[in-house]
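This report refers to the structure that appears directly beneath it.
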Amino acid sequence: TALPISQAEDKFKRLKEKHKRMNDVYLGLGKYFLFDAKATPFEDFRRSDVVFGQFSESSKGKSEETRSGREAEKGEGGSRTSGEIEKRTKSTRKATLVDIHGEGDQEGVLDGLLEALKTGSAFAKAPGQKRRRKPEARSTPSDRVSRLMARGPTSG
C-alpha cells in the first residue's frame, strides 16, 4: 500500500530521530567502556557484549558451585574433621621438633631451635601456665570528680 507523502515524511523524521538518539547512546557507551565507538561497529560491540554476558553467567554458576561445595564441607561433619586435622598437624609439628636433650647431636639441637622459632612454639608457655589478666579498673571523668569532691578541699 502506498502512503501519502506527508505520512512517509513524518515516519522518516521519527526514524531519523530514533537513529540519532541510538547513536548518541552508543557513543556514550563507548566513553563509558573506553572504546572508540566511531571505529567499532555496533555489531562487534554487541557480539562482544553477548560473549561477555555468557562468560559472566558461566563464571557465576561455577562460583556458586564452589561456594556450595565449601559450605557443605563446613557442615557438621566438616567442622569435626577440620578440628581433627588441626590436632594431627599440631601433633606432627611437635613430633618433628628434635629433642634438645638428644645424644649430643648439635645439628639436631640447632635444627630444633630454628624450627621452634619458625613455628612460634619457642615462645609458647607450657599448658596450664596461661597468664591471666587482671580486669583493669576503668574510671570515668565523673568518677574522678566524685573522688576529688569526697576528699574535700586541700590546703596548698
Side-chain angles (χ1 to χ4, degrees), residues 1-100 107-146:
T1 60
L3 291 176
I5 293 176
S6 62
Q7 284 182 346
E9 285 177 345
D10 186 41
K11 231 178 190 180
F12 177 74
K13 285 179 186 176
R14 283 188 283 170
L15 285 173
K16 191 174 182 179
E17 187 62 34
K18 284 183 180 181
H19 180 265
K20 184 180 179 291
R21 278 191 250 139
M22 258 181 39
N23 200 21
D24 290 343
V25 168
Y26 182 63
L27 290 173
L29 284 172
K31 285 182 182 176
Y32 183 77
F33 288 113
L34 301 173
F35 69 91
D36 187 11
K38 292 181 181 177
T40 307
F42 180 76
E43 292 79 20
D44 290 348
F45 170 73
R46 185 70 183 129
R47 192 176 310 117
S48 61
D49 184 40
V50 168
V51 169
F52 176 77
Q54 292 169 347
F55 179 73
S56 66
E57 285 298 318
S58 68
S59 297
K60 185 178 178 182
K62 288 178 185 177
S63 60
E64 286 292 326
E65 289 174 7
T66 56
R67 187 176 300 127
S68 63
R70 287 181 190 158
E71 289 174 357
E73 287 176 6
K74 288 182 181 179
E76 295 174 13
S79 62
R80 193 171 3 145
T81 57
S82 65
E84 291 172 2
I85 291 171
E86 273 187 44
K87 285 180 184 178
R88 287 184 200 146
T89 55
K90 284 182 181 180
S91 65
T92 55
R93 218 179 292 143
K94 285 180 183 178
T96 57
L97 291 177
V98 178
D99 186 18
I100 293 176
E107 263 185 51
V109 171
L110 291 176
D111 288 340
L113 288 174
L114 285 174
E115 185 66 28
L117 286 172
K118 285 180 188 175
T119 60
S121 62
F123 306 107
K125 295 192 175 210
Q129 289 188 348
K130 291 183 180 178
R131 191 173 102 194
R132 296 179 187 227
R133 294 185 180 176
K134 295 179 183 177
E136 196 173 301
R138 300 193 184 256
S139 60
T140 61
S142 60
D143 292 339
R144 287 185 228 128
V145 169
S146 61

Sequence-distant partners of Glu65, salt bridge (Lys or Arg N to Asp or Glu O under 4.0 Å), two or more places apart:
none
Residues at least two apart in sequence or cross-chain that pass ring-ring contact (aromatic ring centres under 6.0 Å, His included) with Phe35, listed by chain then number, are Tyr26, Phe45
Show the atom names and distances, to 0.1 Å, of all donor-acceptor pairs under 3.5 Å that link a side chain in residues 2-25 to residues at least two apart or in another chain.
none

Side chain to side chain donor-acceptor pair (under 3.5 Å) partners of residues 28-53, not counting sequence neighbours, each pair once
Asp44-Arg47, Arg46-Asp49
For Glu57, the side-chain hydrogen bond (donor to acceptor under 3.5 Å, both in side chains) test, sequence neighbours excluded, returns none
For a quick test of reading the model, state the closest non-hydrogen atom pair linking Ala37 to Gly30 and the distance between them.
CB-CA, 4.3 Å
